[in-house]
Amino acid sequence: MAGIVIIGAGQAGASVAAKARALGFSGQVTIIGDEPVAPYQRPPLSKGYLIGETDLERLLLRSPSFWSENGIDLKLGAPASAIDRFAKTVKCCDETLRYDHLVLATGSSPRRLPAQVGGELGGVYTFRTVADANAMTAEFSTGRKLLIVGGGYIGLEAAALGAKLGLDVTLIEMAPRILQRVAAPATSDFFRALHAEHGVTILENIGLDRLIGEGRVSRALLSGGTELEVDFVIVGIGIAPRTQLASEAGLVIDNGVATDAFGRTSDPSIWAAGECASFRHGGSRIRLESVGHAIDHGELVARNIAGAAVRYKAQPWFWSDQYNAKLQIAGLNVGHDRFVVREGEGPSQSVWYYRGPHLLALDAMNDPRSYMVGKRIIEAGQTILPEYVCDTSKDVKSLLSLATTITETFAA
């Protein structure tokens with residue numbers, strides 16, 4: 001038996017391997033990783049790791065001995081270069097590995113600025129890997145000028161870190177407001193005010209014309225004609241699924257590597273898991289970019305390789321830490337047609353998203369009780385009347401008893 005070969009040593013790939021062994025899979029299990037580092041957590045990179053509060057060992061998903069003790073072969077710093085579907089082999093450096101089941105857990109790559117606008121100048125960074133964090137650590141010195149391009153969660157987390165360390169931080173967002181693609185105006189307003197309190201300058205509805213410098217960035221020309229002095233730049237304009245290997249192998253690509261409800265691709269011997277993979281949900285094909293999804297989807301693939309034939313039921317949840325504020329998100333707000341805000345005590349609130357009468361998702365800022373209640377309602381396939389949500393005379397826990405079952409189902 002050639003066993004399971006997993007391309008990608010991130011959270012999804014590690015979850016496939018660990019679950020396969022936990023289920024008693026006795027064949028060979030191999031993980032191929034681009035980076036020369038054992039599988040690790042990415043979220044802490046933009047928090048404790050970058051400022052030296054967390055070392056690399058604490059980022060590791062498993063102890064170094066776990067992999068050898070469980071007979072899982074890690075091939076690190078050795079990117080896969082080709083898949084031969086007919087021979088059922090993977091080319092990895094100078095090796096050719098046979099597989100019975102191949103799992104693509106290749107993750108995503110950060111979108112970069114084009115070279116013609118200064119994207120390849122020194123001092124311009126993206127934030128995705130340990131190597132990225134190591135490369136920019138020395139840049140975070142008090143008083144330096146940091147420009148962040150992109151007002152999504154990655155950009156806002158970087159802004160919070162820079163402000164915490166005493167940098168002069170400016171963030172620009174081309175859209176009319178930060179978080180426009182992913183959140184309601186109320187959530188945007190909460191985080192805009194939070195960053196203003198900490199001295200971050202946020203410029204919305206303003207794009208980047210180009211970065212300027214002789215070998216290294218020193219200035220930024222914005223779309224409105226404003227010119228800024230900068231010491232370094234962090235680009236947070238989204239990520240793209242890594243699909244090149246799959247595409248070259250002739251697999252179906254549709255918003256990522258297309259998979260069915262079981263995690264299988266268009267080739268019955270090849271599976272895909274995590275944020276490189278798309279799947280049907282709510283009548284459309286989506287991808288999820290979160291730790292929870294990577295774990296759940298990876299474990300589902302391992303179970304189905306073992307013959308379980310279990311369909312994936314996504315239960316999305318996300319989080320973001322900025323300063324002393326914790327954002328927790330449950331569900332997906334895609335397709336919402338309205339939202340309501342429940343005010344909390346102090347600097348806290350929650351935003352509840354609806355499509356028609358159905359609760360789709362919520363954002364909870366410093367409001368863990370609302371998050372847990374909303375998450376339970378959503379995952380139970382229930383909804384709650386918006387007027388109950390807005391009525392702060394009702395304890396949030398009482399909303400559980402007021403929730404009702406959704407009778408109309410959506411295609412999964």
Peer 1: Sequence neighbours left out, what passes side chain to side chain contact (heavy atoms under 4.5 Å, CB included) with Ala184? Give chain and number order.
Peer 2: Phe339, Val351, Tyr353

Peer 1: Applying ring-ring contact (aromatic ring centres under 6.0 Å, His included) as the test, list every pair that has at least one member in residues 196-222; sequence neighbours left out.
Peer 2: His198-Tyr323

Peer 1: I'd like to check the salt bridge (charged side-chain N to carboxylate O under 4.0 Å, His left out) partners of Glu69; sequence neighbours left out, ordered by chain and number.
Peer 2: none

Peer 1: Using the side chain to side chain contact (heavy atoms under 4.5 Å, CB included) criterion, which residues pair with Asp94? Sequence neighbours excluded.
Peer 2: none

Peer 1: For residues 32-73, which residue pairs qualify under ring-ring contact (aromatic ring centres under 6.0 Å, His included), counting only residues two or more places apart or in two chains?
Peer 2: none

Peer 1: Taking only residues two or more places apart in sequence or in another chain, which ones pass side chain to side chain donor-acceptor pair (under 3.5 Å) with Ser290?
Peer 2: none

Peer 1: With sequence neighbours left out, write down each residue that passes salt bridge (charged side-chain N to carboxylate O under 4.0 Å, His left out) with Lys145, or none if nothing qualifies.
Peer 2: Asp168

Peer 1: Looking at residues at least two apart in the chain, or sitting in another chain, which of them share a side chain to side chain contact (heavy atoms under 4.5 Å, CB included) with Ser81?
Peer 2: Lys91

Peer 1: Quick one: salt bridge (charged side-chain N to carboxylate O under 4.0 Å, His left out) pairs with a partner in residues 361-373, sequence neighbours left out?
Peer 2: Arg369-Asp395

Peer 1: With sequence neighbours left out, what residues match Glu379 under salt bridge (charged side-chain N to carboxylate O under 4.0 Å, His left out)?
Peer 2: Lys375

Peer 1: Angle between ring planes, His297 versus Phe279, binned at 30° and 60°: parallel, tilted or perpendicular?
Peer 2: tilted

Peer 1: List in chain and number order the residues that pass salt bridge (charged side-chain N to carboxylate O under 4.0 Å, His left out) with Lys75, two or more places apart in sequence or in another chain; answer none if no residue qualifies.
Peer 2: Asp73, Glu95

Peer 1: Treating Thr259 as the side-chain partner and Ala273 as the backbone partner, does any N or O pair qualify as donor plus acceptor under 3.5 Å?
Peer 2: no

Peer 1: Mind jotting down which residue pairs meet the ring-ring contact (aromatic ring centres under 6.0 Å, His included) criterion with at least one end in residues 158-178? Sequence neighbours excluded, please.
Peer 2: none

Peer 1: So for atom CD, which belongs to Glu343, do other residues, nucleotides or ligands contribute more than 12 heavy atoms lying within a distance under 6.0 Å?
Peer 2: yes

